[in-house]
Asks: 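Starting off with a structure, shown below.
The chains referred to below are lettered A, B, ... by the order of the sequence lines, with proteins before strands, and numbering in each begins at 1.
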Amino acid sequence: MIQHRKRAMILSLLGMGLGQIYNRQFVKGVLLFLLHIAGISLAFSLPKAVWGLTTLGEKADHLKKIGKVYVNVRGDHSIFLLIEGMIVILAMVILAFIYIANVRDAYLIGRKREQGERAPHFAETLQYLKGAKFPQMVIFIPILLVVFFTLMPILFMVLLAFTNYSAPNFLPPAKLVSWTGMEGFKNIFTIKAWNQTFFGVALWTLIWTICATLTTFAGGFIVALMVQKKGIRFKGFWRTLFIIPYAIPQFISLLIMRNMFNGEFGPINQYLGYFGLGGLPWLTDPFWAKFTVIVVNIWIGFPITMLMIIGILSTISRDLYEAAEIDGASPFQQFNAITLPTVMFSFGPLLVMSFAGNINNFNLIYLLTNGNPANPAYQSAGSTDILITWLYKLTMDSGKYNFASIIGIFIFIIVSSFAIANIRRTKAFKEEDLNR
Amino acid sequence: MTRSDAKLKWSLGNLFCYAGLIVIGIVCIYPALWVVMSSFRPGNALYSEHLIPSTFTLQHYRDLFNTYPYAQWFINTFKVSFFTMIFSTFLVTITGYVFSRFRFKGRKNLMLGMLIIGMFPGFMSMIAVYILLMQLQLLNTHLSLILVYSAGAPMGYLYVKSYFDTVPQSLVDAARIDGAGHFTVFRRIMLPLSKPMLVYIALTSFSGGFVDFIFANMVLSTPEKQTLAVGLFKIVQGKFATEFTLFAAGCVLVAVPLTLLFILLQRYLVEGLMAGSEKG
């Protein structure tokens, strides 16, 4: 008996698709072989990728004397080397998976042939992919996109935290970046100016997140109760009216708010003047700026809470309230015993998610105050900066990329631990085969 | 307490409630009203004596179209948002479908992994995406924006999945027996049964492309390629204090299409949001 599976497997090991061609699966074999050739050309760039990743370049842009004049010679750009290296390695990993699958496939088909069966035609292979292998085939595209546009960039960012990539001394192309291990982590926590900023900003981020989450929740809840109150008419009208802050694009409404709260010419102080009250430094005093940020966030955030709570309220049966009323429960007791528990039960997970969302509420701070007023004790941060806006400023304004990465990792750990704990409990994530 | 006492208390309560609702309503609508009025006001100052201008002018709208390629920005924005909407919605729904209806090796890890990496703050990774786009020679193109926005969409699968989970399996089985392929099931059964969710996903991805001013600003370098959000943001940064009324007109033009969409589709939004919260 001919040992098809061994031969096919060895051929496939030598070159992708060869085993398939041996198995008389010509179309599949040729396609795989073409991929193999592409893979070889990719493999040629592997040494340079590894070199780039490990050294991050050896020579930056420099001047060289040619004859009597100095000319600028292109050197290695550390960041490009880092990213190109990552792309090559990711592509190689994907190729390696295909390679393994190819060897396995050649082996299995070879065994089939030993058992006297015929190898499936290409059309049959396609049919198989569309049928039994449908999920893997389909999910491949989103995964590929996520790997290159999200995962690779995130890995890049994590790696940056272990380099000295920062202005002004380590900024390519004029200078090289190098690996520094935990140096960055050590610096951000031990250099006084930095750890002062870090703890200050982190503390305000915490206060902001708690206040923002609770105030929008309370605001949305109260308005929902008012709209749904027995005897209130035109419920649809009120609801539509209150959706407006949510419907206006956030970045527009925040820029508008910035003008409304303008201390000198803004309408808010103008109206306060009409009532004989002095204007307040809404955006220019550290305390009032924080206050304004939270108030504006209520305005932006309450509609969505209101919508959801109205939805939850409408699921509560009227009978419950009627029964409570007959038993002589006061409206407050009804609220406490019926409304509040129901809403908290449904809204609890969303509250955790909105908590996680507020930690990263970039738009609000950036567009409303841009982190201002300035705080002289801070490094590239203002009084209202939260971690995420500080990260942005470190990246875009001051070029401290390595510190920004460290903060990014920090934010990620906080947000994801909240979110994962929350998501794992939800029904959508648990095995939901109960209803099958 | 007599009956009439209770009734009086009741209507007094409602009176307060109405008063509260009216005040909140004014607070909700006032900023929008103020900007619309400012956009029709002659001059360019932020300060004005009255809310309603004494004379109305369309000059600022004309200026927008004359000094900036505003019409071009509109076209760009709709192009980017529209294609982002199509691709994002497709990608996220097909991902949700696979996770909801199929069991395969590594599924659970894949689901958790996609959720987790979706939580990284995006700004740092923008640098890497920028360089990747540079390698692909896609900088300063609308394709790059559509690609990047859509590529992020699958990570929001959880909401879609929880919606699809409620479609009875018996429907799917019946269709499969009738010879429908998996893709047909997706197109003919899952999607039509999930309209509120679809509208919600489509609308949020559309507005996502519409309002992004940070990544788009990074990628699009020439004025004729820019989107509304980027253009408006640059106007704001450039001449903020001096030309407030022009900025107001710009705001109105950007905000009106989206605001109308949200208000018109609010029924679906409520349903979609609720589905997320109940089933989530």
Asks: For B:L147, is it the side chain, the backbone, both or neither that has a heavy atom under 4.5 Å from a heavy atom of chain A?
Replies: side chain
Asks: Quick check against the 3.5 Å criterion: does B:W34 have a side-chain atom that pairs as donor or acceptor with the backbone of A:I256?
Replies: no
Asks: Quick check on A:M257 against chain B: is it the side chain, the backbone, both or neither that has a heavy atom closer than 4.5 Å?
Replies: side chain
Asks: So how far is it from B:I131 CD1 to A:M86 CE, rounded to the nearest 0.5 Å?
Replies: 10.5 Å
Asks: Relative to chain A, which of B:L232, B:I214, B:I263, B:D173 shows the most heavy atom pairs under 4.5 Å?
Replies: B:I214
Asks: Can you find a heavy atom in the side chain of B:Y18 that is under 4.5 Å from one in the side chain of A:R233?
Replies: yes
Asks: Quick one, A:L367 with B:F213, criterion side-chain contact (heavy atoms from CB on, under 4.5 Å). Give me CA distance, side-chain angles, the key distance, then yes/no.
Replies: CA-CA 11 Å; A:L367 292 173; B:F213 61 94; 3.7 Å; yes
Asks: For A:F362, enumerate each residue passing the ring pair (Phe, Tyr, Trp, His ring centres under 6.0 Å) test, keeping only those at least two apart in sequence or located in another chain.
Replies: A:Y366, A:Y392, B:F123
Asks: Please classify the contact between A:Y274 and chain B as side chain, backbone, both or neither, with a heavy-atom cut-off of under 4.5 Å.
Replies: side chain
Asks: Given a strict heavy-atom distance threshold of 4.5 Å, which part of B:V27 is in contact with chain A: side chain, backbone, both, or neither?
Replies: both
Asks: Contact part of A:F234 toward chain B, heavy-atom cut-off under 4.5 Å: side chain, backbone, both or neither?
Replies: neither
Asks: For the SG atom of B:C17 and the NZ atom of A:K230, what is their distance to the nearest 0.5 Å?
Replies: 13.5 Å
Asks: Taking only residues two or more places apart in sequence or in another chain, which ones pass ring pair (Phe, Tyr, Trp, His ring centres under 6.0 Å) with B:Y97?
Replies: B:F102, B:F186
Asks: At their closest point, which heavy atom of A:A247 faces which heavy atom of B:F262, and how far apart are they?
Replies: CB-CB, 3.5 Å
Asks: Nearest 0.5 Å please: distance from the CG atom of A:L145 over to the OG1 atom of B:T95.
Replies: 9.0 Å
Asks: At a heavy-atom separation under 4.5 Å, does A:I411 approach chain B through its side chain, its backbone, both, or neither?
Replies: side chain
Asks: Looking at B:I117 and A:T150, what are the two nearest heavy atoms and their distance?
Replies: O-CG2, 4.0 Å
Asks: Mind ranking A:V415, A:I243, A:I139, A:L144 by heavy-atom pairs under 4.5 Å with chain B and telling me who comes out on top?
Replies: A:I139
Asks: Select, from A:I232, A:I248, A:V146, A:T240, the one with the greatest count of heavy-atom pairs under 4.5 Å involving chain B.
Replies: A:I232
Asks: Under a 4.5 Å cut-off applied to non-hydrogen side-chain atoms, are B:M126 and A:T395 in contact?
Replies: no
Asks: Checking heavy atoms, do the side chain of A:Q250, its backbone, both or neither come under 4.5 Å from chain B?
Replies: neither
Asks: Does any backbone or side-chain atom of A:F251 lie under 4.5 Å from a heavy atom of chain B? Answer side chain, backbone, both or neither.
Replies: side chain
Asks: Using 0.5 Å steps for rounding, measure from the SG atom of B:C28 to the CG atom of A:L241.
Replies: 6.0 Å
Asks: In Å, rounded to the nearest 0.5 Å, how long is the span from CG of B:L258 to CD1 of A:I252?
Replies: 9.0 Å
Asks: Heavy-atom cut-off 4.5 Å, strictly under: side chain, backbone, both or neither for A:I154 against chain B?
Replies: both
Asks: For a quick test of reading the model, state the closest non-hydrogen atom pair linking B:A128 to A:P153 and the distance between them.
Replies: CB-CA, 3.6 Å
Asks: So which residue, A:N360, A:I244, A:I388, A:N363, ends up with the most heavy-atom pairs under 4.5 Å with chain B?
Replies: A:I388
Asks: Check A:K130 against B:H182 and note the closest heavy-atom contact, atom names and distance.
Replies: O-CD2, 3.6 Å
Asks: Which bit of B:A229 is near chain A, if near means a heavy-atom gap under 4.5 Å: side chain, backbone, both or neither?
Replies: both
Asks: How far apart are the C-alpha atoms of B:L21 and A:F237, what are their side-chain angles, what is the distance that settles it, and do they pass the side-chain contact (heavy atoms from CB on, under 4.5 Å) test?
Replies: CA-CA 11 Å; B:L21 288 174; A:F237 164 76; over 6 Å; no
Asks: Using a 6.0 Å cut-off, check whether atom CG of B:L110 has over 12 heavy atoms from anything other than its own residue.
Replies: yes
Asks: If you tally heavy-atom pairs under 4.5 Å against chain A, which of B:I24, B:I94, B:L91, B:I29 wins?
Replies: B:I24
Asks: Quick check for you: to the nearest 0.5 Å, what is the distance between B:I116 atom CD1 and A:F412 atom CZ?
Replies: 6.0 Å
Asks: For A:I83, is it the side chain, the backbone, both or neither that has a heavy atom under 4.5 Å from a heavy atom of chain B?
Replies: side chain
Asks: Would you check if B:P31 and A:W299 make a side-chain contact, meaning some heavy-atom pair closer than 4.5 Å?
Replies: yes
Asks: Can you tell me which portion of A:F302 sits under 4.5 Å from chain B's heavy atoms? Options are side chain, backbone, both or neither.
Replies: side chain
Asks: Considering residues, nucleotides and ligands other than B:F16, do more than 12 of their heavy atoms fall under 6.0 Å from its CZ?
Replies: no
Asks: Need one label for B:V211: side chain, backbone, both or neither, based on atoms under 4.5 Å from any heavy atom in chain A.
Replies: both
Asks: Step through the shown structure and confirm whether more than 12 heavy atoms of other residues, nucleotides or ligands are within 6.0 Å of OH on B:Y130.
Replies: no
Asks: Which atoms of B:S207 are under 4.5 Å from chain A, going by heavy atoms: the side chain, the backbone, both sets, or neither?
Replies: neither
Asks: Would you find more than 12 non-hydrogen atoms of other residues, nucleotides or ligands less than 6.0 Å from A:F97 atom CZ?
Replies: no
Asks: Heavy-atom distance under 4.5 Å to chain A: side chain of B:L261, backbone, both or neither?
Replies: neither
